[in-house]
Trainee: 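For reference, the structure I am asking about is given below.
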Amino acid sequence: MTVLTDRWNVNPRHFWLRGEKPEQPVAFDPALGIWNVYGYPEAVAVLGDPKTFSSDTTRLVAADLDPSLNDGVLFQMDPPAHRKLRNLVSHAFSPKIVAGLEPRISGLTAELLDEAAERGRLELVGDLAYPLPVIVIAELLGVPASDRDLFKGWVDRLFESTHQFSMAEEPQGLETHLEITKAMTGYLREHAVERRRRPREDLLSELVLAEVDGERLNDNQIVNFANILLMAGHITTTMLLGNTVLCLDAHPEWFAAVRADRSVLPAALEETLRYFSPFTAAARSTTAATELAGHTVPADQMIMVWVAAANRDGRQFPDPDVFDPSRDPNPHLGFGRGVHFCLGAPLARIEARIALEVLLERHPVLRTDPGDPPSFVPAPDMSGVERLPLLTS
Ligand code: HEM
């Protein structure tokens with residue numbers, strides 16, 4: 001047990017949150033037909049070798065998938081095609097460009113907190129942590145932020161359709177998944193078509209005008225790529241914000257340290273990414289037989305790299321179950337590692353830092369409500385608060 005799990009009912013499948021250790025760093029699950037990688041050095045080895053551990057997992061789970069649905073999905077691509085597409089958009093998320101968004105992020109945070117104050121209660125996720133990143137990514141892309149209830153409906157349904165990873169049975173919820181993906185890409189397609197006619201100053205227009213090796217991206221690549229930004233751009237950042245507040249609430253000495261000196265905040269965010277990682281697992285597929293932690297893993301196997309569990313590996317982190325923002329360095333895998341390292345990391349870091357600065361400034365008292373406890377996202381590949389009511393007095 002840890003302070004956090006002592007107090008709250010976190011997702012019971014996320015054993016690392018309770019300080020439990022896997023029996024082995026790599027283990028095959030015969031019931032699900034999946035290799036689970038829990039250890040830190042093993043996770044680093046897998047994420048660092050895209051040739052053997054391909055990100056294209058659809059060939060194993062949905063070989064007959066309509067290829068147009070996967071074209072341009074960056075996190076399913078391998079080098080060299082991956083590098084070309086990533087280069088096209090990486091500048092839009094560079095620390096320098098993202099720093100330019102600071103005033104907008106703090107203005108939006110203030111507006112959202114004003115609205116919450118009018119309602120007379122603060123539920124951190126619904127009032128701030130969810131809308132803020134969605135509005136920011138929608139504005140970057142150039143789709144109306146006012147459609148965010150539509151995005152939320154899709155994303156909530158996607159979560160509901162993800163229960164368990166398994167190679168042993170028909171993938172659960174695949175049909176719902178496809179149906180929602182089609183709805184989202186259909187929506188984005190309309191906006192992309194509009195940008196072809198009338199480009200503006202937004203990321204969607206940039207994608208429409210961009211060229212890879214002298215060729216324009218096709219419509220499928222544009223909408224699929226925009227779609228993953230819209231998705232990746234909000235769920236995880238929402239949880240980073242909520243999980244950080246929960247970690248600070250459970251560790252009052254650190255809450256006081258952050259209040260006394262805001263420059264401690266970035267380290268508290270990094271430690272939350274390690275200790276209560278919002279993104280739990282990255283999927284890979286083996287392209288050839290390989291050795292991993294003394295196991296021979298055949299070709300065409302599904303691998304789940306549990307970065308959240310690896311972040312609690314005592315071989316890498318002393319006292320791994322202690323929340324300690326003073327760790328330096330803190331080489332957590334919360335944003336992944338290697339060629340697929342999170343493209344949005346600079347944006348997520350800045351959004352979370354500014355939102356928390358404004359929140360702490362506004363509310364000298366901020367504490368969880370034992371009478372109205374937080375609830376947690378039930379999906380296996382995401383870990384964090386889904387609802388976080390806070391008392392402000
Ligand atoms: C990739 C986590 C926020 C866009 C990843 C990966 C992780 C991750 C672990 C690697 C996946 C893999 O190796 O298969 C997170 C966390 C976030 C966050 C914890 C917030 C706290 C964002 C934001 C955006 C974003 C705000 C965009 C606006 C992406 C994209 C990729 C990615 C496009 C794929 C990169 C590639 O395949 O080259 N993220 N992410 N993420 N993330 Fe994030």
Side-chain angles (χ1 to χ4, degrees), residues 11 13-14 16 22 25-40 42-65 67 69-79 81-82 86 158-159 161-174 176-178 180-181 224-225 227-228 231-232 235-236 277-290 292-293 295 297-311 333-344 377-383:
N11 186 331
R13 277 193 272 180
H14 297 164
W16 54 89
V26 174
F28 182 64
D29 181 335
L32 302 181
I34 285 174
W35 292 84
N36 290 307
V37 177
Y38 301 117
Y40 185 96
E42 294 78 11
V44 168
V46 172
L47 298 178
D49 180 3
K51 201 161 173 240
T52 313
F53 299 98
S54 161
S55 286
D56 178 5
T57 51
T58 44
R59 68 191 178 91
L60 299 185
V61 287
D64 51 358
L65 185 78
L69 290 172
N70 228 10
D71 201 4
V73 176
L74 197 65
F75 56 72
Q76 288 277 347
M77 293 167 71
D78 292 323
H82 167 265
R86 184 162 165 136
L158 274 184
F159 269 150
S161 69
T162 313
H163 296 296
Q164 175 92 284
F165 305 109
S166 173
M167 299 300 291
E169 43 189 77
E170 279 290 297
Q172 292 172 21
L174 193 62
T176 320
H177 208 93
L178 287 180
I180 302 164
T181 306
N224 289 336
F225 188 64
N227 191 28
I228 63 164
M231 293 261 304
I235 324 164
T236 44
S277 318
F279 183 109
T280 61
R284 297 291 188 266
S285 64
T286 50
T287 56
T290 187
L292 193 57
H295 301 274
V297 182
D300 301 326
Q301 297 289 296
M302 179 69 108
I303 315 278
M304 291 307 296
V305 184
W306 294 91
V307 290
N311 282 337
L333 302 177
F335 284 126
R337 179 66 68 88
V339 295
H340 292 278
F341 181 82
C342 179
L343 186 67
V377 172
D381 52 350
M382 296 285 156
S383 183

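Computed from a prediction, not measured in an experiment: that's the story for all the values here.
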Trainee: A side-chain contact here means heavy atoms from C-beta on lying under 4.5 Å apart; do H340 and H82 qualify?
Mentor: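 Sidechains of H82 and H340: in contact.
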
Trainee: Which of these, T57, T52, D300, T58, sits in a side-chain contact (heavy atoms from CB on, under 4.5 Å) with S285?
Mentor: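 Only match with S285 under side-chain contact (heavy atoms from CB on, under 4.5 Å): T57.
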
Trainee: Donor-acceptor pair, distance only, cut-off 3.5 Å: does the side chain of T236 make one with the backbone of A232?
Mentor: yes

Trainee: Any idea which heavy atoms bring S54 and D56 closest together, and the distance?
Mentor: OG-N, 2.9 Å

Trainee: Side chains of L47 and R284: closer than 4.5 Å at any heavy-atom pair?
Mentor: yes

Trainee: Is there a side-chain contact between W306 and V37 in this structure, where contact means two heavy atoms from C-beta onward sitting under 4.5 Å apart?
Mentor: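 Answer no - side chains too far apart.
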
Trainee: Keeping T280 on the side-chain end and H14 on the backbone end, is there a donor-acceptor pair under 3.5 Å?
Mentor: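 Checked: no pair found.
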
Trainee: Give, for atom CG of L32 and atom CE of M304, the distance between the pair rounded to the nearest 0.5 Å.
Mentor: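 It comes to 10.5 Å.
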
Trainee: Begin with the C-alpha distance, continue with both residues' side-chain angles, and end with the deciding distance and a verdict on side-chain contact (heavy atoms from CB on, under 4.5 Å) for D381 and F279.
Mentor: CA-CA 6 Å; D381 52 350; F279 183 109; over 6 Å; no

Trainee: Working note: L343 + L74, criterion side-chain contact (heavy atoms from CB on, under 4.5 Å); need CA distance, chi angles, decisive distance, verdict.
Mentor: CA-CA 10 Å; L343 186 67; L74 197 65; 4.3 Å; yes

Trainee: Are S277 and N311 close enough that a side-chain donor and a side-chain acceptor fall under 3.5 Å?
Mentor: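 The answer is yes; a qualifying pair exists.
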
Trainee: Are the side chains of K51 and T287 in touch, meaning some heavy atoms are under 4.5 Å apart?
Mentor: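 In short, these two side chains do not touch, never coming nearer than 4.5 Å.
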
Trainee: Hey, could you give me the CG/CZ distance between L292 and F28, rounded to the nearest 0.5 Å?
Mentor: 13.0 Å

Trainee: Enter the distance from N227:CG to I180:CD1 here, rounded to the nearest 0.5 Å.
Mentor: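 If I round to the nearest 0.5 Å, the distance is 11.0 Å.
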
Trainee: Nearest 0.5 angstrom please: M77 CE to N224 CG, how far?
Mentor: 10.5 Å

Trainee: If you compare all heavy atoms of F341 against all heavy atoms of G336, which two are closest, and at what distance to 0.1 Å?
Mentor: CD1-O, 3.4 Å

Trainee: Evaluate the side-chain proximity of T286 to F53: yes if any heavy-atom separation is below 4.5 Å, no if none is.
Mentor: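 Yes - at least one pair of side-chain heavy atoms lies under 4.5 Å apart.
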
Trainee: To the nearest 0.5 Å, how far apart are SG in C342 and CZ in R337?
Mentor: 14.0 Å

Trainee: Over all heavy atoms of both residues, which pair between D78 and S55 is shortest? Give the atoms and the distance, please.
Mentor: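 Smallest interatomic distance, heavy atoms only, reads OD1-N, 2.8 Å.
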
Trainee: Got V377 and N11 here, is their nearest side-chain heavy-atom distance under 4.5 Å?
Mentor: no

Trainee: Between atom CD of Q301 and atom CH2 of W35, what is the distance when rounded to the nearest 0.5 Å?
Mentor: 6.5 Å

